[in-house]
Amino acid sequence: MLYHCGGVKMNVLVLGSGAREHAIGWKVANSSKVEKVFFAPGNGGTRLAGYENLGIGIKEHDRLLRFAMEHECLTIVGPEEPLAMGIVDLFKGNGLRILGPSRDAARLESSKVWAKEFMKRHGIPTAEFKVFDEPEAAKDYIARSKRDDVVVKADGLAAGKGVVVCSSKAEAYNAVDMIMKDRVFGDAGNRIVLEERLYGEEVSFICMSDGKRIIPLATSQDHKRVYDNDEGPNTGGMGAYSPNPIIDGKMHEWIMRNIMQKAIDGLRHDGVEFKGFLYAGLMLVGDKAYVLEFNVRLGDPETQVILPRLRSDLIYYVEHCIDGTLDQAEDMVWDERVAVCVVLASKGYPNAYETGKVITGLDDLNSMYSNGDHLVFHAGTKVTDDGRIVTDGGRVLSIVALGSDMKEAIEKVYSAVNRVHWEGMHYRRDIGKRALRYLLNR
Ligand code: AMP
Ligand code: GLY
C-alpha cells in the first residue's frame, strides 16, 4: 500500500462489466483514498478511462482471490452471481476486504422461495404466495384459484427473466410448463413460487448496510420494459432517474421502518450477516409498499443516476460497512439536481442481438459536455486493435445528464443521446416522462 496525505491509499477491484460497474469505478476513482482501480473484466469504457481491465471473469474466484491478495485490493462486487457463489466468504476467509453479503445472505436474491419465506417469517409486506416443486400440483392450484391473474416465478437466478406476470390461467399454465417442464432456466426452475398479482406503482429502493444500521441511497426509478409506454418484454433496465418524486417523505419513512430495517434486523436475527447494498423492488399500493423482490447489490441502471448525485466519498461508506461502523458515519450529501439515464441497446436486445458495430459520436459528446453535467458509462463495448469503439453486448451505453429539474435533465440527456450512433441502436424515448406527468399533476 502507498502512503499519501497522511493516510493509506488503497487499490480497488470492481467485479463486473456493465455500466453499473463503470459508474462504481468512476465514483471510487474520485476518492482521495484510492490509488488505483482495477476491473474484472471491465469493458471498452473502463479501459478508455484509464483504469486497468483484468482478463479475469467474475466467476473465476481463485484467480480473483490471487490478484486481490497480490495487489492488496478492497473489492466491490457489481453483479449477483459471484455473491450467490460465495465470493465474499472466500475473500473474507483469506483476510481480504470486500463489500457484499455472504453466500447465505445472498439467498435473498438467489432463491425466491427463501426470500418469500424470510419475508413471511419477519412480517415484511409482500404478495401472498405458495411454493411448488411439481408442475401438476402448481397447475391444479391455478385451476382452483378464484383469480385469473397470477405471477409465476422460478426459484433461482435467471438473469432477471424468471418471472412471468400472467393475466389468464392459460398463460399461467404455459409459464409453469416453460419453467418446470421445458426448464428454460435450468435448475433455477426446480421450484416455483405462485404469487398474487399486485397492481400499483413500481419503484426501486436501495440502501447500504453494515448488518445493523442502514443508510438509504437517493431514490430512483428503473424502466424495465424495452419499448416506450412500458410495452414489450422485460429487459435488464432501459433507463432510470433519481430522485423518484413518487416516494414522498412519509412513504420513505414507512419503507425504511417496515421493509429495509425489518429485513436487516431479520437477517441478523437469523444469524445471517448482511453487509453491502440491499435493493428492494417495491410495488406501492395506496399508502403501503410490498416487496416484489430483493436484490443484494446495486441496481443497473439505477446506479448510473444515483452515484453521479452522491457528493460524499463512496469509499468512506464502503469501509464503514465492511468494518461494521456505519453508526459512526456522517450522513450522505446529495446533489439536489435530477439525474436521468438513457440506455442505448443493440438491435435485437433483449433477445439475440448484433455486436461488432462501430459506435460514433462519443468524442463529440466528451468535448461538448466536459462540464460534468453529462456522463457516459459503458457496458457492452470494446476497443478494437485499431482504436475504434465497437458494440459488444445487449445494453451498450448509459448516457446520463444532470439538470436543475426533471424537464431539464430529460432535455439534456436526449440532446446527448442524439449525438451517438451505430447501426441498429435503439433506446426508449420516454425515460422520465412518468415522473414529469406526476410532478405536473401533483
Ligand atoms: P422480480 O424479478 O421479482 O422483480 O419480477 C420482475 C417484474 O415482474 C417486476 O419488476 C414486476 O414488474 C413484475 N412482478 C413481480 N412480482 C409481481 C407481483 N406480485 N405483482 C405484479 N407484478 C409483479
Ligand atoms: N434495474 C434492475 C436490477 O438491477 O435488477
Side-chain angles (χ1 to χ4, degrees), residues 16 18-21 23-24 77-81 83-84 106 108-116 119 124-130 145 147-167 171-172 175 179 185 188 192-206 217 219-226 230-242 244 276-285 288-307 341 343 345 350 377 379 394-395 398 428 431 434:
R20 165 184 54 202
E21 287 76 24
I24 294 169
V77 186
E80 60 276 16
E81 292 97 333
L83 298 167
L108 218 42
E109 177 165 1
S110 65
S111 168
K112 301 257 185 215
V113 173
W114 195 87
K116 293 294 287 191
M119 288 188 260
I124 296 170
T126 189
E128 293 294 324
F129 71 101
K130 261 194 151 8
S145 165
R147 281 174 61 164
D148 286 344
D149 52 351
V150 64
V151 181
V152 184
K153 298 187 171 185
D155 176 43
L157 292 179
K161 293 182 185 156
V163 173
V164 189
V165 181
C166 306
S167 303
E171 271 180 66
I179 297 172
F185 307 119
I192 57 166
V193 175
L194 292 185
E195 197 172 287
E196 168 201 9
R197 182 169 171 184
L198 299 173
Y199 296 86
E201 286 285 351
E202 220 182 306
V203 302
S204 313
F205 200 96
I206 309 175
L217 301 185
T219 57
S220 59
Q221 176 73 53
D222 188 7
H223 296 63
K224 287 202 170 117
R225 304 295 195 98
V226 68
D230 293 327
E231 284 172 15
N234 266 332
T235 67
M238 293 299 287
Y241 52 80
S242 173
N244 185 350
F277 298 102
L278 181 61
Y279 168 136
L282 304 173
M283 189 75 93
L284 306 191
V285 187
K288 286 186 79 178
Y290 294 82
V291 178
L292 300 180
E293 63 166 343
F294 277 121
N295 295 319
V296 295
R297 50 169 175 80
L298 280 168
D300 184 343
E302 290 91 333
T303 305
Q304 293 92 296
V305 287
I306 291 173
L307 293 185
C341 166
V343 171
F377 297 118
R395 289 191 292 174
S398 279
R428 277 181 63 159
I431 304 298
R434 199 145 56 98

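Values below: every heavy atom of this structure, side chains too, minus hydrogens, waters and symmetry copies. When a ligand or atom number is given, it counts from 1 through the structure's own listing order.
In the candidate list Lys153, Glu293, Lys224, Lys153 is nearest to atom 15 (C) of ligand 1, counting heavy atoms.
Considering backbone and side-chain atoms alike, Arg20 places every N or O at 3.5 Å or more from each N or O of ligand 2. No N or O atom of Arg197 sits closer than 3.5 Å to an N or O atom of ligand 1. Any N or O atom pair closer than 3.5 Å counts here, and Lys224 shares no such pair with ligand 2. The shortest N or O to N or O distance between Asn234 and ligand 1 is not below 3.5 Å.
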- Task: Any chance you could lay out the salt bridge (Lys or Arg N to Asp or Glu O under 4.0 Å) test for Arg20 and Glu302, step after step, and finish with the verdict?
- Result: CA-CA 8 Å; Arg20 165 184 54 202; Glu302 290 91 333; over 6 Å; no
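Ile431 CD1 to Gln221 CD: the interatomic distance, rounded to the nearest 0.5 Å, is 10.0 Å.
A salt bridge is defined here as a Lys NZ or Arg NE, NH1 or NH2 lying under 4.0 Å from an Asp or Glu carboxylate O, and Lys112 with Glu195 fails to meet this definition. The pair Asp230-Arg428 meets the salt-bridge criterion, with a side-chain N (NZ, NE, NH1 or NH2) lying under 4.0 Å from an Asp/Glu carboxylate O. With salt bridges taken as basic N to acidic carboxylate O contacts below 4.0 Å, one links Arg297 and Glu80.
Judged purely by distance below 3.5 Å, without hydrogens or angles, the side chains of Ser167 and Arg197 pair a donor atom with an acceptor atom.
Counting non-hydrogen atoms of neighbouring residues, nucleotides and ligands closer than 6.0 angstrom, the NZ atom of Lys224 exceeds 12 such neighbours.
Protein heavy atom in closest approach to atom 13 (C) of ligand 1: Val165 CG2, 3.6 Å. At the top of the distance list for atom 17 (C) of ligand 1, counting protein heavy atoms only, stands Leu292 CD2, 3.5 Å. Of all protein heavy atoms, the one closest to atom 10 (O) of ligand 1 is Glu202 OE2, 2.4 Å. Looking only at protein heavy atoms, the nearest one to atom 19 (N) of ligand 1 is Glu195 OE2, 2.7 Å. Protein heavy atom closest to atom 21 (C) of ligand 1, with residue, atom name and distance, is Leu198 O, 3.2 Å. Atom 5 (O) of ligand 2 has its closest protein heavy atom at Arg297 NH2, 2.9 Å. Residue, atom and distance of the protein heavy atom nearest to atom 8 (O) of ligand 1 are Val163 CG1, 3.5 Å.
Those atoms of ligand 2 with a heavy atom of Gly236 less than 4.0 angstrom away are 1 (N), 2 (C). Close approach of ligand 2 to Gly299 is summarised as follows: ligand atoms under 4.0 Å from at least one heavy atom of the residue are 4 (O). Set against the non-hydrogen atoms of Asp222, the atoms of ligand 2 under 4.0 Å away are 1 (N), 2 (C).
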